[in-house]
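Input: a single structure, listed below in structure tokens.
From a predicted model like this one, the values you see are computed outputs, not experimental measurements. So you know, we letter chains A, B, ... as the sequences are listed, proteins then strands, and number each from 1.
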Protein chains: 2
Amino acid sequence: MPGEQDKPERISDAEYAVMEALWLRSPLTALEVCDEVCEKRDWSLATVKTLLSRLVVKQAVSTVPDGRRFLYSPLIERAEYAGSESRRLVDRLFGGRAAPLFAQLAEAEALTESDISEIEALLKELRK
Amino acid sequence: MPGEQDKPERISDAEYAVMEALWLRSPLTALEVCDEVCEKRDWSLATVKTLLSRLVVKQAVSTVPDGRRFLYSPLIERAEYAGSESRRLVDRLFGGRAAPLFAQLAEAEALTESDISEIEALLKELRK
DNA sequence: TTTTGAAGTCTACAGATGTAGTCATTATGA
DNA sequence: TCATAATGACTACATCTGTAGACTTCAAAA
């Protein structure tokens with residue numbers, strides 16, 4: 001049937017770390033992903049394998065057989081993910097409005113000087 | 001011992017809906033919270049009771065006895081929560097930089113005309 | 001006083017998540 | 001050819017989450 005787009009399942013925190021490795025470089029083998037994240041997160045290779053297979057089920061990662069093993073690649077782009085998560089946050093916490101989010105960050109002093117400059121430039125750009 | 005501040009436990013999606021009701025108005029009884037959210041989320045009163053007690057355990061909500069029942073109030077403020085969640089997102093997805101988040105929102109056309117104006121005004125304010 | 005209804009507490013249970021071990025298979029180097 | 005190492009599949013298990021029913025208690029209405 002047409003319109004075959006199961007709404008993408010959410011990617012968990014741990015799974016996200018694996019996605020990051022794949023966004024950095026891909027395709028990768030499970031071992032290579034582990035090289036990238038196991039130390040940092042104090043994970044075993046088994047954990048990475050589990051997360052990879054869950055990501056495959058969630059259709060967030062694709063596999064290409066390479067001999068008896070797989071090469072894993074991201075199926076969703078980082079920007080796509082970042083965008084949907086950002087929007088989700090803005091919807092949940094700020095009624096879908098970006099301005100209050102900005103105000104919040106400003107109040108929390110989470111804005112650096114360069115953030116401010118960049119955002120100014122960005123807005124100027126949007127105004128054109 | 002001093003410094004008694006267990007890092008706040010995370011509030012789940014469902015629990016957040018309950019917090020919203022309490023941020024809107026408090027203190028409330030469990031039934032009143034249910035009046036506020038049960039219809040919207042299609043929950044039973046039992047569900048609200050469970051969520052409230054979990055929030056009490058997580059020290060996100062306080063109770064004051066009122067006869068044989070409790071009046072519930074939020075222990076953490078909405079702004080506090082929104083701030084920490086926003087920061088969490090920025091850290092996770094954008095390396096702690098806020099500018100890319102707004103670039104992302106712009107790209108996703110999640111910035112309305114009035115968002116832009118408001119943010120511009122805030123920027124002007126920050127510049128002072 | 002007796003019935004009833006509102007509360008909180010306990011228990012339940014499926015699914016998601018974090019984390020990892022075991023196992024069977026198979027390519028590969030000795 | 002044979003042992004070995006790498007690999008995916010399967011299994012495990014505790015905790016968190018979403019949802020809610022059962023039970024106990026007690027105040028209030030009848």
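Listed by first and then second residue, the ring-ring contact (aromatic ring centres under 6.0 Å, His included) pairs that reach into residues 90-128 of chain A are A:Phe102-B:Phe102, sequence neighbours excluded. Legend: ring-ring contact (aromatic ring centres under 6.0 Å, His included) pairs involving residues 104-128 of chain B, not counting sequence neighbours: none detected. The salt bridge (Lys or Arg N to Asp or Glu O under 4.0 Å) contacts involving residues 26-55 of chain B comprise nothing, where partners must be two or more places apart or lie in separate chains. Listed by first then second residue, pairs satisfying ring-ring contact (aromatic ring centres under 6.0 Å, His included) with a partner in residues 31-60 of chain A number zero, not counting sequence neighbours.
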Practice item. Take B:Glu15 and B:Glu9 through the test side-chain contact (heavy atoms from CB on, under 4.5 Å) and record every step on the way to the result. Key: CA-CA 12 Å; B:Glu15 287 159 2; B:Glu9 272 180 277; over 6 Å; no

Practice item. Take A:Arg87 and B:Glu109 through the salt bridge (charged side-chain N to carboxylate O under 4.0 Å, His left out) test and state the conclusion after the steps. Key: CA-CA 10 Å; A:Arg87 201 189 284 258; B:Glu109 316 218 357; over 6 Å; no

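How far CE of B:Met19 is from CG of B:Leu52: 9.5 Å, rounded to the nearest 0.5 Å. Taken to the nearest 0.5 Å, the CD1 atom of B:Ile11 stands 3.5 Å off from the CD1 atom of B:Ile76. The line from CD of A:Glu118 to CG of A:Leu111 is 11.0 Å long, rounded to the nearest 0.5 Å. Within the model, atoms CZ of A:Arg92 and CG of B:Asp13 stand 4.5 Å from one another, a figure rounded to the nearest 0.5 Å. Summarising the geometry, atom CD belonging to A:Glu20 is positioned 8.0 Å from atom CG belonging to A:Leu24; distances are rounded to the nearest 0.5 Å.
Salt bridge present: B:Arg127 and A:Glu113 bring a charged side-chain N and a carboxylate O closer than 4.0 Å. Using a cut-off of 4.0 Å between Lys/Arg side-chain N and Asp/Glu carboxylate O, B:Arg69 and B:Asp66 are scored as salt-bridged.
Contacts between residues 85-92 of chain A and DNA chain D, defined by a heavy-atom separation under 4.0 Å, are absent. Contacts with DNA chain D (heavy atom under 4.0 Å) in residues 63-78 of chain B: B:Arg68, listed by number. A heavy atom lying under 4.0 Å from DNA chain D marks the following residues of residues 37-55 of chain A, by number: A:Lys49, A:Arg54.
Protein chain B contacts DNA chain C from C:dA7 to C:dA12, reading 5' to 3' and using non-hydrogen atoms of the protein with a distance under 4.0 Å. Close approach of DNA chain D to chain B, defined as any atom under 4.0 Å from a non-hydrogen atom of the protein, starts and stops at D:dT17 to D:dA27.
No more than 12 heavy atoms of other residues, nucleotides or ligands lie within 6.0 Å of CD in A:Glu107, so this atom counts as exposed by the packing criterion. By the 6.0 Å contact criterion, CD on A:Glu77 is open, its count of non-hydrogen atoms from other residues, nucleotides or ligands being 12 or less.
The hydrophobic cluster containing B:Leu31 also includes B:Leu45, under a criterion of side-chain heavy atoms closer than 4.5 Å among ILVMFWY residues, counted directly or through chains of members.
Judged as a side chain to side chain donor-acceptor pair (under 3.5 Å), and not counting sequence neighbours, B:Arg25 has no contacts.
Between the two ends of the helix from C:dT1-D:dA30 to C:dA30-D:dT1, each summarised by a five-pair axis, the helix axis turns through 10° (rounded to 10 degrees).
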